[in-house]
2 protein chains.
Amino acid sequence: MERRKPGKAAKPTIADVAALAGVSVSAVSKVVNDRGGISAPTRKRVLDAAAKLRWSPSATAVALRGARTRAIGMVAGRSTDVLATDPHFTLLISGIERELAPADFGLLLHIVGEEPGAEERAYRRLAEERRVDGVILTESRIGDPRFELLRQLRLPAVLVGEPWREDPVASVGAEDQEAGLRDAVRHLLEWGHRRIAYVSGPEDRVHTVYRRRVFRSALAERGLRPWRVLVSDFSAQDAVAATRELLAADAAERPTAILFANDTMAVAGMNAARRLGFDVPGELSVLGHDDLPLGELVFPQLTTVAQDVEALGRAAAVEMFRLLDLPHSPPPAIRPPTLIPRESTGPVADGS
Amino acid sequence: MERRKPGKAAKPTIADVAALAGVSVSAVSKVVNDRGGISAPTRKRVLDAAAKLRWSPSATAVALRGARTRAIGMVAGRSTDVLATDPHFTLLISGIERELAPADFGLLLHIVGEEPGAEERAYRRLAEERRVDGVILTESRIGDPRFELLRQLRLPAVLVGEPWREDPVASVGAEDQEAGLRDAVRHLLEWGHRRIAYVSGPEDRVHTVYRRRVFRSALAERGLRPWRVLVSDFSAQDAVAATRELLAADAAERPTAILFANDTMAVAGMNAARRLGFDVPGELSVLGHDDLPLGELVFPQLTTVAQDVEALGRAAAVEMFRLLDLPHSPPPAIRPPTLIPRESTGPVADGS
DNA sequence: ATGAAAGCGCTAACAA
DNA sequence: TTGTTAGCGCTTTCAT
């Protein structure tokens, strides 16, 4: 019965199962794939044999057979540093996995540096070697070359977040992606702030541009304009520099509140301000974006805008299944970004 | 020449390349795999054809053929929460990828919850479906069942960090894993601290036990004993609770310094202390572990022990290649854990 | 130096 | 209801 040398119990194959169950391989195949045409007793014998042998179909063979690889790819083109400070990526992955795992899909991850071309090479390899059925992307950029590349490679793609205008790509995002930032601006206005500065992300990011627009329009509703807008690269150092620059002005010219593009920057900026002797929120209100756990740990706790990142991940996976014509769960509801008022924002000081 | 319907340029196969080059498929195979027996001109024509068709061997077919899947698996059995606060995992992955990518290996990631059995199921699937050539593990536990499971599954495994006594598993770690913590204790002693408390990680973690031992022995060198040792679950809430408990005592009974098992806990504990009205480091010194970027962002900046996590990841990947009998780079040097003195520790207060 | 052909483990069309 | 068989794209003897 054992075709293998004893002591060298190699991986069982469908043929071993068929032999043990006393049926043909196709019978086994039909059973595991729930094609009809199998009698109940046969079915049971096959299932028993498979269980006893601890066999499940080889993903490789199934993939080769022409079906799917049952793996989704993801490429992170970021420096380790940013990756380490910002759990955005981890949360996203965690959400994606939540959907992939039950469907027995894997997530193939590539973390490449920021060297030019590294990301493109990673996608090419994924496609040419046919390792994945599709890829999930984040952080769309203006004039993002990845969509065209993936179209050429015929790799199904889903973008998390907003595409640039008419970028031809499937994407997932909250219904009202702008809600949180708009609320944040109103929150500051209600507290009497009129000189509000914004430290935005890199210019080439789509969401940078979109958010800046929201910032302006939320202020415009009250007839105001951004006090100052600085562009940063998301790093803590940049946030510190920006904060110093903003606070270097005379009292009458200083912003009374600063909005940062993300929580890491907000925390860095907040501490820079405090080292400069400014009380937060007494003399300066600080607002972040993303609601990292970090925000609750610092003192004062950070007022921020929460994003439902995990739901975004799940939605992306569901959308991918839809693209691949696979059965999938209903798309999850994605909470719109929401203001989380905490301690780093407060009423504008008397003198200001 | 084109076997495909026009406009439907399906993925090229080795046969397409062979046809275009006017040679047999086996010739193409020999060229791409650098087996000998191919004349220079033939070789060139094959390479040209492959380039023109943008062909590379299908990973699936190669894997099926019996070679390797060229993928390494990793299973994270943690709640999303912890994953989001602690970039340890991300850094590790980033290090692993640095080695895998050049070798054209992929990293197949599974994030499973903490439900019992979820992790085991993930490993089983990885093995039974033959999706990966091996797996990399972290966070070894006392009596860790994973090693036996993986042995049964015949899945090569590499552990990052210290195995429990004679756990039969390949592992990578710094030469002197205890250096940092020992230095940290000395650092506190030099500043006059005598009542030093330790808030450790979960009891079932191997490193918890090892570190506690180091803590005790470093104190014993000076004839001292731990003031108090509390066990936590790594969460920020637990750190807050532990800190409150430690500070609730009378002045004479209160620790003058607290060591936390990781930075997240240290930051949470530090802020809990400050909310209680204690000055850090004036009245209480706080020490973390891991050197998360977070530590530099908070105020006061956190004194901590830095681990070379990325090097650990690279070392794990290299060790995996060694296990698989594959060519590999020399194992990277792993910096031993190092004390990073910053602002959260200082001399013990006069009154104490 | 080159090529023909046998599988790797599986699915699906076709026969029985 | 069940079994036989031809590939999926590739590597590898074994001829030539």
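All heavy atoms count here, side chains included; hydrogens, waters and symmetry mates do not. Labels below follow one simple rule: chain letters A, B, ... track the order of the sequence lines, proteins then strands, and each chain is numbered from 1.
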Short side-chain N/O contact to [N] OP1/OP2 from [X], under 4.0 Å:
{"X": "A:Ser24", "N": "D:dG3", "result": "yes"}
{"X": "B:Ser58", "N": "D:dG9", "result": "no"}
{"X": "A:Arg130", "N": "D:dG9", "result": "no"}
{"X": "A:Thr42", "N": "D:dT1", "result": "no"}

What is the distance from [atom1] of [X] to [atom2] of [N], rounded to the nearest Å?
{"X": "B:Lys30", "N": "C:dT2", "atom1": "NZ", "atom2": "P", "answer": "9 Å"}
{"X": "B:Asp34", "N": "D:dT12", "atom1": "CG", "atom2": "C1'", "answer": "16 Å"}
{"X": "B:Arg65", "N": "D:dC10", "atom1": "CZ", "atom2": "P", "answer": "12 Å"}
{"X": "B:Ile14", "N": "C:dT2", "atom1": "CD1", "atom2": "P", "answer": "15 Å"}
{"X": "B:Arg131", "N": "C:dG9", "atom1": "CZ", "atom2": "C1'", "answer": "15 Å"}
{"X": "B:Leu64", "N": "D:dG9", "atom1": "CG", "atom2": "P", "answer": "12 Å"}
{"X": "B:Asn33", "N": "D:dG9", "atom1": "CG", "atom2": "P", "answer": "17 Å"}
{"X": "A:Arg68", "N": "C:dA12", "atom1": "CZ", "atom2": "P", "answer": "12 Å"}

I want to verify a distance call: between [options], whose nearest atom is closest to the [X] side chain?
{"X": "A:Ala61", "options": "C:dG9, C:dG3, D:dC10", "answer": "C:dG9"}
{"X": "B:Ser29", "options": "D:dT5, D:dC10, D:dT12", "answer": "D:dT12"}
{"X": "B:Thr13", "options": "C:dT11, C:dG3, D:dG9", "answer": "D:dG9"}

Subject >> Check: B:His110 and B:Arg125 side chains under 4.5 Å, non-hydrogen atoms >> reply: yes

Original post:
Could you state the interatomic distance from CG (A:Leu109) to CD1 (A:Ile96), rounded to the nearest 0.5 Å?
Top reply: 9.0 Å

Salt bridge or not between [X] and [Y]? Use side-chain N to carboxylate O under 4.0 Å.
{"X": "B:Arg43", "Y": "B:Asp34", "result": "yes"}
{"X": "B:Asp48", "Y": "B:Lys44", "result": "yes"}
{"X": "A:Arg314", "Y": "A:Glu310", "result": "no"}

Subject >> 5' priority, DNA chain D, between A:Arg43 and B:Val32 [closest heavy atom] >> reply: A:Arg43

Original post:
Looking for any heavy atom pair under 4.0 Å, which part of the strands does B:Val28 touch: base, sugar-phosphate only, or nothing?
Top reply: nothing

Subject >> Whichever of A:Arg35 and B:Gly22 has its nearest DNA chain C nucleotide further upstream toward 5' >> reply: B:Gly22

**OP:** Would you state whether a donor and an acceptor, one from the side chain of B:Lys11 and one from the base of D:dG9, lie under 3.5 Å apart?
**Re:** no

Original post:
Hey, does the side-chain of A:Ser26 have a donor or acceptor N/O within less than 3.5 Å of a partner on the base of D:dT4?
Top reply: yes

